[in-house]
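Here's the structure, in structure tokens; my notes come after.
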Amino acid sequence: MDKYNPHEIEPKWQKYWQETGLLKAQEGSDKKAYILVMFPYPSGDLHMGHLKNYTMGDVLARFRTQQGYSVLHPFGWDAFGLPAENAALKFGVSPANWTYANIQQSKESLNLMGIQYDWSREVTTCAPEYYKWNQWIFLKMYQQGLVLRKKSLVNWDPVEQSVLANEQVIEGRGWRSGALVEKRELEQWYLKITDYAERLLQDLDKLPRWPEKVKAMQRAWIGKSQGAEFDFQVKGSGAKIRVFSTRPDTIFGATFMVLAPEHPLVAQITTPEQKVKVEAYVQASKMKSEVERQMEDREKTGIFTGAYAVNPATGKDIPVWIADYVLSGYGTGAIMAVPGQDERDWEFAEKFGLEIVRTVQPPSGWKGKAYAEDGPAINSGFLNGLMVDEAKKKIIEWMEQNGIGQGKVNYRLRDWLISRQRYWGTPIPMIHCDHCGIVPVPVEQLPVVLPELKDVEDIRPKGKSPLAAHPEFYEVGCPRCGHKARRDTDTMDTFIDSSWYFMRYADAKNDKAPFDPEKADFWMPVDQYIGGIEHAILHLLYARFFTKFLHDQGMVKADEPFEGLFTQGMVMGWSDVGPVEIQGGKIRFLDDARRSKLEISPDITVEDVKKSGAELRQHDDGSTHFWKPAVMSKSLGNGVMVGPFVREQGADIARVTILFAAPPENEMIWTDEGVQGSWRYLNRVWRLISTDAQAINTTSGKFNSASLNPAEKALYQKLNQTLQKVGSDIEALSFNTAVAALMELLNTLQDYRKDSPVSPVYRTAVRYYIQMLAPFAPHIAEEMWHWFYPDSVFAARWPEVDQEALLKEEFELVIQVSGKVRGKATVPVGASEEEIKQIARSVPNVQQHLDGKQVVKEVYVPGKLLNIVVKG
RNA sequence: GCGAGGAUGGCGGAAUUGGUAGACGCGCUGGACUUAGGAUCCAGUGGGGCGACUCGUGGGGGUUCAAGUCCCCCUCCUCGCACCA
């Protein structure tokens with residue numbers, strides 16, 4: 001038999017799978033598995049970092065196929081978005097051409113790795129056949145009152161030249177551009193995701209197969225808090241200040257109020273004497289970005305408005321201040337300040353000399369300032385003596401009776417701002433008519449097609465939608481009155497595209513509806529979703545929202561899209577940080593820009609290098625370079641590219657390397673040594689099986705498990721143990737341990753063949769081995785399979801574990817004396833406790849340790865160990 | 001500060017219900033064989049000790065016949081949130 005040559009066999013079987021339609025999804029089986037990886041932005045050539053989750057998905061899909069499931073393993077492209085525009089501007093090609101060229105390239109990489117998708121269901125979001133249904137769903141939401149247009153303070157990304165949703169602002173910066181976000185007052189389209197806040201929160205509990213971490217992040221983002229909303233009268237004016245508080249019970253301690261600088265009442269209530277100062281403060285806070293507001297060490301600032309409000313509980317006048325520690329976007333944008341029970345208010349009161357009244361009795365010896373824990377109410381009139389929960393109930397009752405306010409649940413979640421002032425996205429199907437106002441585009445006129453802009457310059461962002469410069473797009477007759485009207489020229493947030501694509505896969509070619517409910521119901525929910533943690537909130541929250549909406553419309557039974565979620569760790573590659581000079585243990589980087597890009601401290605010493613996981617390497621030109629593992633990326637140039645790698649090494653080697661190197665949820669570092677190990681492993685498999693190919697072919701696979709010799713019996717047992725472990729490990733996505741188990745079995749097979757002939761058991765072992773290897777290294781498995789069987793290894797059913805073979809006849813008894821291992825003995829499984837105790841005592845080393853000592857106690861764990869506890 | 005998850009050989013990492021710590025791989029050491037191959041095979045590989053032994057899963061306590069695993073306290077790391085009233 002020839003040497004293992006991946007380049008010969010891999011293209012052959014890839015072609016074979018394509019032609020035979022392996023993994024072409026078919027509805028109908030009684031068991032279904034919908035395996036989905038997050039579809040990517042088509043970025044052209046792929047590196048191993050991109051391929052990790054696709055490989056994982058492929059393993060699962062192939063495994064389920066072997067088990068006889070109806071498997072849906074589709075792929076598509078999240079093809080709208082800024083990179084295409086940027087590339088278009090840079091290279092002067094149209095976004096569409098650039099995108100489709102990238103898709104072609106990416107597809108090749110996927111095929112090279114042997115990753116099998118049902119390409120007949122491919123989804124490309126920038127195709128009108130797809131985004132038509134974005135518009136359709138948008139209109140459906142509009143009908144249901146879930147779309148609203150409102151003017152408010154929004155996040156403006158100055159680099160992207162577009163607004164962003166709240167979820168897309170991370171630490172005050174645009175999630176993609178990293179630019180500091182500005183606030184602008186604009187009128188925009190929103191989806192009322194807040195209507196679903198409670199369900200989005202509650203239903204997280206229905207998702208046991210989601211990482212706790214992701215659920216925790218979503219809970220925090222939704223940010224439910226229970227409390228009350230109530231009014232304070234402003235003295236000498238009809239105005240009321242409404243506040244939200246989770247601690248209405250502390251109202252007797254509200255000694256002042258604070259409004260956010262943006263609060264609409266500020267101008268109205270400020271007294272003439274304070275006007276100049278207040279206006280200056282409002283102006284100053286407007287100039288500050290979110291980040292700046294937080295960076296100032298959180299030293300509280302604020303200005304007295306000159307106005308007073310009446311505390312409805314105490315009847316006292318309390319001053320009204322404005323301060324930027326109160327956020328305009330949360331609650332009512334105003335608070336009652338209770339310094340006695342709130343640290344922030346305490347700090348503010350201290351700084352500005354405002355009154356502090358405790359209304360909850362702190363424990364004796366309390367040395368802190370504000371006391372926010374439970375305790376009996378004090379200085380609180382009719383609440384006195386009540387614990388916090390009781391007091392809350394009572395005060396809310398009182399507020400409701402006196403018309404001051406009522407109990408209220410507040411969420412941090414904001415409505416989803418979906419307008420974007422960019423070109424490469426789904427046109428919003430709305431028409432602005434001077435006579436009729438806002439008129440939705442009639443469904444039968446969908447899709448509103450994104451016009452192809454011939455001149456690349458036309459798509460350059462200018463602060464408003466590029467489409468607004470194209471009358472041929474926006475000039476339209478009003479569908480209602482027929483008068484001249486104007487299309488909305490914004491496009492939709494591209495996260496809309498990804499909020500329902502997983503249902504489109506169920507029925508990707510449908511031109512009558514987004515999908516046929518029956519087909520969606522067969523496949524949905526996704527059984528295993530695999531993707532990056534970066535979407536913990538963004539995509540995953542929006543997708544849950546859309547699924548719930550479509551569920552409510554009777555279009556799909558599932559009301560959660562993803563039954564199981566797995567967030568894979570990143571793939572790191574060694575990166576050359578560049579040459580360094582070393583002086584007295586200190587390292588000086590010659591390429592400082594690169595050092596800072598790779599986030600290395602400029603003060604790093606030679607001593608710290610190893611601790612930080614980095615290395616100093618001598619290069620051939622005599623220079624010393626600093627190397628460190630970093631997430632594979634195009635910009636760092638440390639990505640191991642799929643094409644070149646597969647040409648030099650092979651797809652199965654890449655797959656095994658990715659899967660074995662680390663648990664899939666951990667980050668893994670791609671190394672030459674790891675690749676070498678995978679090569680060795682696959683080669684060993686190949687040699688072992690190919691050497692015996694003839695003998696195996698002429699041996700029957702039939703045997704009676706009762707009449708095996710000891711060596712065969714041991715082999716058969718190990719085989720079944722492995723079968724069980726590999727199966728359960730794949731289901732648990734524990735691919736590294738599954739591969740380890742296969743390596744162990746390989747060692748067993750090799751050992752067996754050293755002094756035993758090819759036998760029926762051995763043939764069976766080889767058969768199972770190839771089947772178990774197939775999901776991980778499908779090409780080599782398919783090749784070897786065909787040495788013995790005519791059809792695809794993926795058409796053969798996954799073998800059943802022979803439970804009887806797992807039962808042992810004897811086991812290794814561990815003998816401890818006072819908890820320490822002093823000996824071992826092989827004993828029959830049926831041995832009685834008495835027999836075991838005798839056998840244990842016959843072990844010389846055990847005898848020695850028992851000698852002259854008194855046995856106090858003996859603990860026998862059947863099938864495992866005997867612990868003889870002695871004294872003296 | 002709050003929340004989630006971690007800390008096991010030189011490295012990546014294994015270890016049902018508490019029951020032989022270090023599976024598997026990488027690396028390393030020694031050897032064999034060479035049809036010099038991407039070699040391969042054999043032996044070894046947590047620390048200390050010639051050894052019997054002994055110490056050992058971030059640190060300190062505890063429960064238990066028995067603790068990486070359970071309980072209490074602490075340190076450090078990673079990630080997320082963070083003036084959210």
Side-chain angles (χ1 to χ4, degrees), chain A residues 3-4 170-171 211-221 223-225 227 243-248 250 254 258 260 293-294 298-300 323-327 329-338 341-345 347-348 372 410-412 533 536-537 567 610 613 648-649 653 656-657 660-663 665-669 671-681 683-684 687 725 728 734 736-747 750 754 812-824 845 848 856-861 863-870:
Chain A
K3 283 199 328 187
Y4 172 40
I170 318 275
E171 287 177 13
E212 209 40 61
K213 182 182 182 158
V214 173
K215 287 191 277 186
M217 284 166 74
Q218 293 215 354
R219 281 190 194 104
W221 186 260
K224 178 181 184 176
S225 49
V243 302
F244 172 76
S245 174
T246 53
R247 294 292 305 276
T250 63
V258 186
R293 274 198 189 186
Q294 286 170 20
R298 295 177 198 176
E299 173 78 15
K300 297 268 181 298
D324 64 6
Y325 83 93
V326 173
L327 310 172
Y330 182 76
T332 60
I335 61 162
M336 66 166 183
V338 190
Q341 274 74 235
D342 185 285
E343 261 179 66
R344 298 153 298 182
D345 296 345
E347 200 189 314
F348 194 82
N410 211 18
Y411 298 91
R412 217 168 57 118
I533 185 79
I537 292 173
T567 53
K610 235 188 148 181
E648 277 170 42
Q649 308 276 340
I653 292 167
V656 170
T657 303
F660 180 66
E665 65 274 22
N666 288 12
E667 64 185 29
M668 69 152 293
I669 303 178
T671 62
D672 291 346
E673 288 80 8
V675 172
Q676 187 62 27
S678 307
W679 161 263
R680 256 183 236 160
Y681 165 60
N683 236 326
R684 278 170 66 209
R687 273 201 313 272
K725 178 156 177 63
S728 61
S734 182
N736 59 323
T737 51
V739 174
L742 285 172
M743 289 174 169
E744 263 189 77
L745 179 58
L746 177 66
N747 292 341
Q750 283 184 327
K754 267 181 207 150
E812 195 179 38
L813 175 73
V814 174
I815 307 149
Q816 297 183 332
V817 177
S818 293
K820 296 210 155 128
V821 180
R822 297 301 180 189
K824 289 168 196 178
N845 195 37
Q848 255 176 50
V856 180
K857 186 174 178 179
E858 285 175 276
V859 182
Y860 176 53
V861 184
K864 282 207 171 118
L865 109 180
L866 177 73
N867 188 6
I868 307 168
V869 186
V870 296

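Keep in mind that the numbers below use all heavy atoms, side chains included, and drop hydrogens, waters and symmetry copies. In the text below, chain A, chain B and the rest are named by the order of the sequence lines, each starting its count at 1.
Side-chain nitrogen and oxygen atoms of A:Y330 include at least one within less than 4.0 Å of the OP1 or OP2 phosphate oxygen of B:rA85. Taking side-chain N and O atoms only, A:T671 has no distance below 4.0 Å to OP1 or OP2 of B:rC26. Residue A:K857 places at least one side-chain N or O under 4.0 Å from the OP1 or OP2 atom of B:rC65. For B:rG27, one of the phosphate oxygens OP1 or OP2 lies less than 4.0 angstrom from a side-chain nitrogen or oxygen of A:R680. In terms of phosphate contacts, A:R684 brings no side-chain nitrogen or oxygen within less than 4.0 Å of OP1 or OP2 of B:rA39. A sub-4.0 Å separation between OP1 or OP2 of B:rC65 and a side-chain N or O of A:K820 is absent.
Taking every side-chain heavy atom of A:F244 into account, B:rA85 is the closest of B:rU20, B:rG25, B:rA85. Distance from the side chain of A:A662 is smallest for B:rG12 among the nucleotides B:rC83, B:rA85, B:rG12. Closest contact between the side chain of A:I335 and the listed nucleotides B:rA14, B:rG19, B:rA85 involves B:rA85.
The separation of B:rG68 from B:rG18, taken at their P atoms, amounts to 13 Å, rounded to a whole angstrom. Taking atom P in both B:rU17 and B:rC42, one finds a spacing of 35 Å when rounded to whole Å. The gap from the C1' atom of B:rU64 to that of B:rU54 amounts to 23 Å, rounded to the nearest Å. Comparing the P positions of B:rA43 and B:rA36 gives a spacing of 25 Å, expressed to the nearest Å. On the C1' atoms, B:rU8 is 12 Å away from B:rU69, given to the nearest whole Å. Comparing the same atom, C1', in B:rU20 and in B:rA67 gives a spacing of 14 Å after rounding to whole Å. Of the P atoms belonging to B:rG19 and B:rA39, the separation is 41 Å, rounded to the nearest Å. With C1' as the reference atom, B:rC73 and B:rC65 are 26 Å apart, rounded to whole Å.
Contact annotation: the side chain of A:Q816 never approaches that of A:V859 to less than 4.5 Å [non-hydrogen atoms, C-beta and beyond]. You'll find the side chain of A:M743 reaches within 4.5 Å of the side chain of A:F660, heavy atoms only. Within the 4.5 Å cutoff, no side-chain heavy atoms of A:D342 are placed close to those of A:I335. With contacts defined as side-chain heavy-atom distances shorter than 4.5 Å, the pair A:T567/A:K213 does not qualify.
As judged by a 4.0 angstrom heavy-atom cut-off over every strand, A:P211 is placed among residues making no nucleic acid contact. Residue A:E343 is classed as having no contact, given no heavy-atom separation below 4.0 Å to the nucleic acid. Heavy atoms of A:D345 sit nowhere under 4.0 angstrom from any nucleic acid atom. Contact annotation for A:N736: backbone-only contact, meaning every heavy-atom pair under 4.0 Å involves sugar-phosphate atoms and none involves a base. Contact annotation for A:Q816: base contact, defined as any heavy-atom pair under 4.0 Å involving a base atom. Within the nucleic acid shown, A:K224 has no heavy atom closer than 4.0 Å to any nucleic acid atom. A:A220 comes within 4.0 angstrom of no nucleic acid atom, judged by non-hydrogen atoms across all strands.
In B:rG9 the O4'-C1'-N dihedral to the base is within 90° of 0, which defines a syn nucleotide.
The interatomic distance linking A:E347 (CD) with B:rC83 (C1') rounds to 8 Å, in whole Å. Rounded to whole angstrom, the span from the CZ atom of A:F660 across to the P atom of B:rC11 amounts to 17 Å. The CH2 atom of A:W679 sits 18 Å away from the P atom of B:rG25 (whole-angstrom rounding). One interatomic measurement links the two molecules: CD of A:E212 to C1' of B:rG6, which rounds to 16 Å at whole-angstrom precision. At whole-Å resolution of the value, CD in A:Q676 and C1' in B:rC11 are 17 Å apart. Separating the CD atom of A:E667 from the C1' atom of B:rC11 is a distance of 14 Å, rounded to the nearest angstrom. Counting to the nearest Å, the P atom of B:rC81 and the CZ atom of A:R412 are 9 Å from each other. One interatomic measurement links the two molecules: CG of A:N666 to C1' of B:rA14, which rounds to 13 Å at whole-angstrom precision.
Figure legend: A:K300 and A:F348 shown without cation-pi pairing, the cationic atom not lying both under 6.0 angstrom from the six-membered ring centre and within 45 degrees of its axis.
Salt-bridge annotation for A:E673 and A:R680: absent, with no side-chain N of the basic residue lying under 4.0 Å from a carboxylate O of the acidic one.
For A:K3 and B:rU40, a side-chain-to-base donor-acceptor distance below 3.5 Å is absent, hydrogens and geometry of angles not being considered.
With a cut-off of 3.5 Å on both Watson-Crick or G-U wobble distances, the partner of B:rG3 is given as B:rC79. B:rU57: no Watson-Crick or G-U partner with both key distances under 3.5 Å is found in any strand. The partner of B:rG18 is absent, by the rule that a Watson-Crick or G-U pair needs both atom distances under 3.5 Å. Across all strands shown, B:rC28 forms a Watson-Crick or G-U wobble pair, both distances under 3.5 Å, with B:rG44. In this structure, B:rU64 forms no base pair with any nucleotide, since neither Watson-Crick nor G-U wobble geometry is met with both distances under 3.5 Å.
Heavy-atom distances to RNA chain B give each of A:N845 and A:R687 a nearest nucleotide, and the one nearer the 5′ end belongs to A:R687. Between A:W221 and A:E673, it is A:E673 whose nearest contact on RNA chain B lies nearer the 5' terminus.
Shortest non-hydrogen contact noted between A:A260 and A:V326 is CB-O, 3.3 Å.
Expressed to the nearest 0.5 Å, how far CD of A:Q676 lies from OG1 of A:T657 amounts to 10.0 Å.
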Original post:
Could you walk me through whether A:L813 and A:Y860 pass the side chain to side chain contact (heavy atoms under 4.5 Å, CB included) check?
Top reply: CA-CA 10 Å; A:L813 175 73; A:Y860 176 53; 4.1 Å; yes
